[in-house]
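Worksheet for the structure shown next.
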Amino acid sequence: MVHFDVLTLFPSMFDGPLDESILKRAQESGRLSIALHNIRDYTTDKHHVTDDAPYGGGGGMVMKPEPIFAAVEAIVTREEDVPIILLSPQGRLFTHAVAAELSHCPRIVLICGRYEGVDERVRQHLVTDEISIGDYVLTGGELAAMVIIDAVTRLVPGALGHPAAVLDDSHAGGLLEGPHYTRPAVFRGWEVPEVLRSGDHGAVARWRRQQALRRTLERRPDLSAQADLTPRERELLAMWEGELHSQDDAEGD
Ligand code: ADE
């Protein structure tokens, strides 16, 4: 069970993506709940202003600290051990490991930044963590919050119909997943690998592991270098690496 409190200036952005498929079912079965809080509701001035010009000049607007502090303080007390996460391109990078870590938290607060940024005092005195979903700049933290809600929820026990699916995920074991096939056995002349149709579960498992290793080496050598592998798998990897390099050399000639 995980509960997200999302602070945003655009709550309607969350309509739709969270109301379909697995996230919808997770909410219906009580494994996920999401409360959207409009930061504008926590302003105290007549015009409900949430942003202002930056001190020192320059372009863009900065989100004011008061409504953000007021919203968080209305939702959680300081004594509660709840992560208060600011979504921003300056945060630590969101990975499978971070999703797994968050999936153990019963409650998470996500603050979606907008405009040029958020007053630095929010970062210094309110949030406990800052997360980026990648090295690019979005127009705001809302899409990042949805990505986090999605990735964390599918790790909550029972959220996916088939628990083994989580263990086999790309990234879960430090490797990308290998290829998948379904019927028909032959499509436009392209055949499903024989081993998958053999009924030999051991052979299937070995083939899948090898395919995952190979794919990870080819696409994400940074991941295969760090993965938890057996000595035999390391040997295989070294052999393939040699092959790939000699291919590169041949192509370079
Ligand atoms: N807000 C703007 N860009 C972002 C990013 N890359 N990750 C998280 N929040 C963001």
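Because only heavy atoms are used, hydrogens play no part in the values below, and waters and symmetry mates are left out as well, while side chains stay in. Since we're looking at a predicted model, the values are computed, not measured. Numbers for residues simply follow the sequence, beginning at 1. Just follow the structure's listing: the first ligand is 1, and inside any ligand the first atom is 1.
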State plainly whether the residues [X] and [Y] are in salt-bridge range, i.e. N to O under 4.0 Å.
{"X": "Glu28", "Y": "Arg25", "answer": "no"}
{"X": "Arg220", "Y": "Glu177", "answer": "no"}
{"X": "Glu130", "Y": "Arg92", "answer": "no"}

### Message
I want to know if ligand 1 touches Ile131 in the polar sense, i.e. an N/O pair below 3.5 angstrom.
### Response
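For ligand 1, there is no N or O atom that lies under 3.5 Å from one belonging to Ile131.
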
### Task
Using distance alone, decide if ligand 1 has a nitrogen or oxygen within less than 3.5 Å of any nitrogen or oxygen in Val137.
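Between Val137 and ligand 1, no N or O pair is found under 3.5 Å apart.
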
### Tyr136 atom OH: more than 12 heavy-atom contacts under 6.0 Å
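Counting other residues, nucleotides and ligands, OH of Tyr136 exceeds 12 neighbours.
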
#### Entry: Thr8 (side chain) donor-acceptor with Phe10 (main chain) under 3.5 angstrom
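It does hold such a pair.
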
Looking at [atom], what's its closest protein heavy atom, distance included?
{"atom": "atom 7 (N) of ligand 1", "answer": "Ile133 N, 3.0 Å"}
{"atom": "atom 6 (N) of ligand 1", "answer": "Tyr136 O, 2.8 Å"}
{"atom": "atom 3 (N) of ligand 1", "answer": "Leu138 N, 3.0 Å"}
{"atom": "atom 9 (N) of ligand 1", "answer": "Ser88 N, 3.2 Å"}

### Query
Which of these, Gly140, Ala145, Ala144, has its nearest heavy atom closest to atom 8 (C) of ligand 1?
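Ranked by closest heavy atom to atom 8 (C) of ligand 1, first place is Ala144.
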
### Query
Does Gly113 reach ligand 1, in the sense of a heavy atom lying below 4.0 Å from it?
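No.
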
### Message
Do Glu243 and Ser246 pair up side chain to side chain, a donor and an acceptor below 3.5 Å, judged on atom types alone?
### Response
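No, no side-chain donor-acceptor contact under 3.5 Å.
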
